[in-house]
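The block underneath contains the structure these notes are about, expressed in structure tokens.
Atoms considered below: every heavy atom in the structure, side chains included; atoms not considered: hydrogens, waters and symmetry mates. In what follows, residues are counted from 1 in the order of the sequence shown. The shown structure was predicted, so the numbers you read here are calculated from the model rather than taken from an experiment.
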Amino acid sequence: MGLDTAPLELAEQSAQVPLARFGTTSAAARALLAPLAAAFAVGGLAMAFSATGGPVTASLLLTAAAVAFTLAEMLHTTVSWEFSVALAPATSLGGYLGVHGIVQSAQRGIGPLAVTAAMATGPIGWPAFGTDIALTCMIRRRLVRDRMTRTPLSVPPITVSEH
């Protein structure tokens with residue numbers, strides 16, 4: 001008999017929309033990359049330390065890891081969708097969204113292999129897993145910064161309240 005994951009999936013779905021509000025602009029999505037990196041790192045450390053204590057400690061740390069990785073997944077979804085649309089040139093939006101879909105598929109294929117590798121290497125594998133993804137998030141944060149600079153308009157913007 002398998003584990004019932006319906007309550008966890010319901011909690012994730014009900015939290016996704018409120019969290020998505022924090023990534024409605026490219027600058028906001030870029031700012032989410034730091035907490036995203038932290039969530040992956042915390043999840044990896046919690047998984048590693050769960051092997052060092054008794055059953056109660058292990059249960060608490062495994063729960064913390066599940067929460068951290070779930071939060072990371074929700075933040076990643078928000079960030080990746082915002083960047084896939086906002087940073088694409090207007091003439092190549094379809095191509096960028098196509099690549100985004102391919103990358104999502106690749107992640108679904110590589111993810112289980114990476115998790116299996118982390119489990120197979122023992123407690124040291126989880127901090128390496130979390131740290132690698134956290135480092136990738138911070139590199140992405142740096143790379144996206146340069147893409148967010150926009151050239152000023154030739155005509156200054158005006159707001160509706162100025163008319």
Check: [Y] main-chain N/O paired with [X] side-chain donor or acceptor under 3.5 Å:
X    : Y    : value
S105 : G101 : yes
S92  : P89  : no
T121 : I124 : no
R141 : L33  : no

Can you measure from [atom1] ([X]) to [atom2] ([Y]) and round to the nearest 0.5 angstrom?
X    : Y    : atom1 : atom2 : result
W81  : H100 : CH2   : NE2   : 5.5 Å
E82  : T78  : CD    : OG1   : 9.5 Å
M138 : L143 : CE    : CG    : 11.5 Å
Q107 : E73  : CD    : CD    : 10.0 Å
L32  : C137 : CG    : SG    : 10.5 Å

Please give me the minimum heavy-atom distance between [X] and [Y], naming the atom from each residue.
X    : Y    : value
S26  : L87  : OG-CD2, 4.3 Å
A65  : G43  : CB-O, 3.7 Å
L62  : S50  : CD2-OG, 3.5 Å
R140 : S80  : NH2-CA, 3.7 Å
A41  : A134 : CB-CB, 4.3 Å

Same apolar cluster: [X] and [Y], side chain cutoff 4.5 Å:
X    : Y   : result
L36  : V67 : no
M47  : V42 : no
M119 : L45 : no
L61  : F40 : no
W126 : L71 : yes

Please check if the number of heavy atoms outside [X] that lie under 6.0 Å from its [atom1] is greater than 12.
X    : atom1 : result
L93  : CG    : yes
I110 : CD1   : no
F69  : CZ    : yes

pair Q104-S84: side-chain heavy atoms closer than 4.5 Å
no

